[in-house]
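Take a look at the structure below.
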Amino acid sequence: MIRDIPQAPEAALLLSWYDRHHRDLPWRTSPAMAAGGERPDPYRVWLSEVMLQQTTVQAVKPYFAKFLAQWPTVGDLAAAPQEDVMVAWAGLGYYARARNLKKCAEAVANDHGGKFPDTEEGLRALPGIGDYTAAAVAAIAFNRPAAVMDGNVERVISRLHAIDTPLPAAKPLMKSKVAALTPVDRPGDFAQAMMDLGATICTPKRPACALCPLRERCLALAGHDPERFPVKAAKKDKPVRVGAAFVAVSADGDLFLRRRVESGLLGGMTEVPTTGWTSRLDGDTTTEAAPFAADWQACGVVTHVFTHFELRLTVYRARAENGSDADGWWQAITNLDAAALPTVMKKAIAQAIPNAFR
DNA sequence: TATACGTGGCA
DNA sequence: TTGCCAAGTAT
């Protein structure tokens with residue numbers, strides 16, 4: 001006989017809603033597979049969760065497909081050259097994720113026999129896996145009753161309980177609320193249901209409260225102002241930094257590229273040479289920062305907004321011999337897809353060579 | 001606890 | 001246009 005497992009009313013309402021509004025995402029197990037007791041592949045769950053950190057579902061989809069096609073298993077990823085991983089990740093942002101993705105795959109392959117740890121604690125010890133991802137993979141891939149809390153869950157919980165304490169101070173309280181709601185029988189579905197609810201119904205602006213399965217129990221809705229939650233600390237304003245970028249083109253149609261240092265901003269990614277990025281550009285020393293002497297011609301300014309500052313790069317272009325010695329390499333303009341170029345560098349190149357990416 | 005860390009879409 | 005923000009982590 002089947003014993004009834006105690007479940008919070010909110011969890012029951014949410015799971016019922018989830019079963020009726022299942023979203024078909026590439027990394028998800030279909031309802032039919034789940035009904036047959038099949039668990040999702042931990043590698044796919046992990047890969048998708050890392051890609052989804054601070055990144056939209058739409059942006060992740062093509063990258064997830066590309067990675068899965070190129071590296072079908074965690075062992076394949078562990079054996080891949082680091083540079084190939086950075087090339088494949090280029091454009092997705094937060095490049096420390098790609099560096100840690102590779103380290104994590106190596107740890108799983110070398111220290112865990114090719115199998116992901118099946119507990120929240122074991123997962124949490126791996127590179128690039130923090131509180132959220134450890135709980136998410138434990139719950140979704142291994143059916144562990146972990147309390148999964150991301151930005152969506154914070155919003156849902158803060159509204160449900162009308163939590164006035166600002167983030168991030170309110171996180172421990174919110175986490176305890178999530179833990180109290182997480183059901184032991186379907187923790188993975190519950191976590192995904194909470195995130196789906198936050199993504200589609202309990203949205204930051206103009207939430208669709210009339211369609212919410214938790215509307216009868218939501219204190220923020222009862223207070224007539226759900227958009228007030230979650231309360232957040234005030235943001236700091238974004239400083240502007242300036243610099244110059246140097247796009248050297250050879251007679252053969254090659255472009256001069258470099259690899260950035262492993263750590264920090266755009267760490268391990270490919271760049272065109274630039275000056276430092278500072279509060280003001282010194283006209284006297286700008287072209288001295290060029291990788292080699294040439295007839296540098298200014299050809300415009302590109303603006304790029306990072307998380308914590310705005311960058312305005314003056315782009316210089318010159319013809320140069322591709323035998324010039326400097327700590328970089330010459331790459332065919334027709335083969336720039338093979339380079340690990342972050343978006344800001346593609347913008348600079350496109351400013352100097354408008355059809356570089358066509 | 002606060003800061004560094006990308007990018008693109010949307011109102 | 002400008003700001004907000006999206007399935008966070010590391011230090």
Side-chain angles (χ1 to χ4, degrees), chain A residues 23 25-28 44-64 86 89-101 103-104 123-141 146-156 166-172 175 178 188 190-200 202-206 227 230 232-241 260-269 271 277 302-311 340-347:
Chain A
R23 287 208 290 170
L25 299 173
W27 42 86
R28 259 186 201 173
R44 297 184 188 211
V45 175
W46 163 74
L47 180 62
S48 66
E49 290 301 343
V50 172
M51 287 183 167
L52 286 162
Q53 291 166 6
Q54 297 287 285
T55 309
T56 58
V57 165
Q58 284 309 313
V60 164
K61 280 180 178 175
Y63 285 85
F64 180 79
M86 302 314 283
W89 196 277
L92 199 54
Y94 283 144
Y95 298 100
R97 292 186 294 173
R99 303 193 296 269
N100 286 327
L101 193 79
K103 287 182 196 164
C104 183
L123 290 159
R124 182 66 179 80
L126 292 167
I129 298 188
D131 290 343
Y132 162 75
T133 304
V137 175
I140 296 168
V148 176
M149 194 170 74
D150 73 331
N152 288 304
V153 178
E154 286 172 1
R155 190 166 53 254
V156 172
L167 285 169
K171 280 192 179 186
K175 182 107 171 183
V178 176
F190 175 78
Q192 293 176 92
M194 287 284 277
M195 293 189 283
D196 280 9
L197 188 74
T200 63
C202 194
T203 49
K205 303 294 180 189
R206 300 173 56 88
E227 275 191 33
K232 295 186 177 182
K235 291 187 170 58
K236 300 191 169 180
D237 56 28
K238 200 165 281 194
V240 174
R241 297 187 197 170
R260 292 174 65 86
V261 295
E262 276 303 311
S263 61
L265 186 69
L266 310 178
M269 299 296 285
E271 66 171 4
W277 303 344
V302 295
T303 296
H304 189 78
V305 181
F306 291 99
T307 305
H308 54 297
F309 67 93
E310 176 183 323
L311 178 65
L341 289 167
T343 298
V344 62
M345 295 301 161
K346 289 190 174 182
K347 283 188 189 176

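The structure presented is a predicted model; accordingly, all values stated were derived computationally and were not measured. What's counted below: heavy atoms across the whole structure, side chains too, no hydrogens, waters or symmetry copies.
Distance NZ (A:Lys236) to P (B:dT1): 15 Å, rounded to an integer number of Å. Distance CG (A:Leu101) to P (C:dT9): 13 Å, rounded to an integer number of Å. One can place CE of A:Met194 at 17 Å from C1' of C:dA6, the figure rounded to the nearest angstrom. Going from atom CZ of A:Arg260 over to atom C1' of B:dG6 covers 12 Å, rounded to whole Å. C:dG8 atom C1' lies 12 Å from atom CE of A:Met195, rounded to whole Å. Between the CG atom of A:Leu52 and the P atom of C:dT9 there is a distance of 12 Å, rounded to whole Å. Atom CZ in A:Arg97 sits roughly 9 Å away from atom C1' in B:dT7 (whole-Å rounding). Protein atom NZ of A:Lys61 is 22 Å distant from nucleotide atom P of B:dT7, rounded to whole Å.
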Could you walk me through whether A:Gln53 and A:Tyr132 satisfy the side chain to side chain donor-acceptor pair (under 3.5 Å) test, starting with their C-alpha distance in whole Å, then the side-chain angles of each, then the deciding distance to 0.1 Å, before giving a yes or no?
CA-CA 9 Å; A:Gln53 291 166 6; A:Tyr132 162 75; over 6 Å; no

Pair A:His304-A:Phe306, ring pair (Phe, Tyr, Trp, His ring centres under 6.0 Å): steps then yes or no
CA-CA 6 Å; A:His304 189 78; A:Phe306 291 99; 4.8 Å; yes

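Side-chain atoms of A:Thr307 come within donor-acceptor range of the base of B:dG6, with a qualifying N/O pair under 3.5 Å. No N or O donor and acceptor, one from the side chain of A:Tyr132 and one from the base of C:dG8, sit under 3.5 Å apart.
A:Leu311 comes within contact range of no nucleotide atom at all, as no heavy-atom separation falls under 4.0 Å. As judged by a 4.0 angstrom heavy-atom cut-off over every strand, A:Trp89 is placed among residues making no nucleic acid contact. Heavy atoms of A:Arg28 sit under 4.0 angstrom from at least one base atom. The residue A:Ser48 sits apart from the nucleic acid: no heavy atom pair falls under 4.0 Å. At the heavy-atom level, A:Pro168 lies nowhere under 4.0 Å from the strands shown. Within the nucleic acid shown, A:Leu92 comes within 4.0 Å of at least one base atom, counting heavy atoms only. Residue-level contact check: A:Val57 touches the bases, meaning some heavy atom is under 4.0 Å from a base atom.
Within the 4.0 Å cut-off from OP1 or OP2 of C:dA10, not a single side-chain nitrogen or oxygen of A:Tyr94 is found. Contact annotation: A:Gln53 side-chain N/O to C:dG8 OP1/OP2 distance is not under 4.0 Å. When the side-chain nitrogen and oxygen atoms of A:Arg155 are compared with OP1 and OP2 of C:dA6, one or more of them lie within a distance under 4.0 Å. For B:dA4, the OP1/OP2 oxygens have no side-chain nitrogen or oxygen of A:His308 closer than 4.0 Å. Close to C:dC5, at under 4.0 Å from its OP1 or OP2, lies a side-chain N or O of A:Lys235.
Between A:Trp27 and A:Phe64, the ring planes are perpendicular. Angles over 60° get that label, and only those under 30° would be called parallel.
With both ends at atom P, the span from B:dG6 to C:dT11 equals 14 Å, rounded to whole Å. Comparing the P positions of B:dC5 and C:dA6 gives a spacing of 22 Å, expressed to the nearest Å.
Atoms CG and CZ, from A:Leu197 and A:Arg155 in turn, are 9.0 Å apart once rounded to the nearest 0.5 Å. One distance of note links CE of A:Met149 with CG of A:Asp131; it measures 8.5 Å at 0.5 Å rounding. Distance CG/A:Leu52 to NZ/A:Lys61: 10.5 Å, rounded to 0.5 Å. The distance from atom CG of A:Leu126 to atom CH2 of A:Trp46, rounded to the nearest 0.5 Å, is 9.0 Å.
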Distances under 3.5 Å between protein N/O atoms and the N/O atoms of nucleotides 8-11 of chain B, please, pair by pair.
none

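The nearest heavy atom of DNA chain B to A:Phe309 and to A:Ala169 marks one nucleotide each, and the one closer to the 5' end goes with A:Ala169. A residue-by-residue look at A:Asp196 and A:Pro127 shows that A:Asp196 has its nearest nucleotide of DNA chain C further toward the 5' end. Comparing A:Ile129 and A:Lys232, the nucleotide of DNA chain C nearest to each residue sits closer to the 5' end for A:Lys232.
Here A:Glu310 does not pair with A:Lys238 in a salt bridge; the nearest charged N to carboxylate O distance is not below 4.0 Å.
Side-chain atoms of A:Arg97 never come within 3.5 Å of backbone atoms of A:Gly128 as a donor-acceptor pair (strictly under, hydrogens ignored).
Each of B:dG6, C:dT9, C:dC5 was ranked by its minimum atom distance to the side chain of A:Pro204; first place goes to C:dC5.
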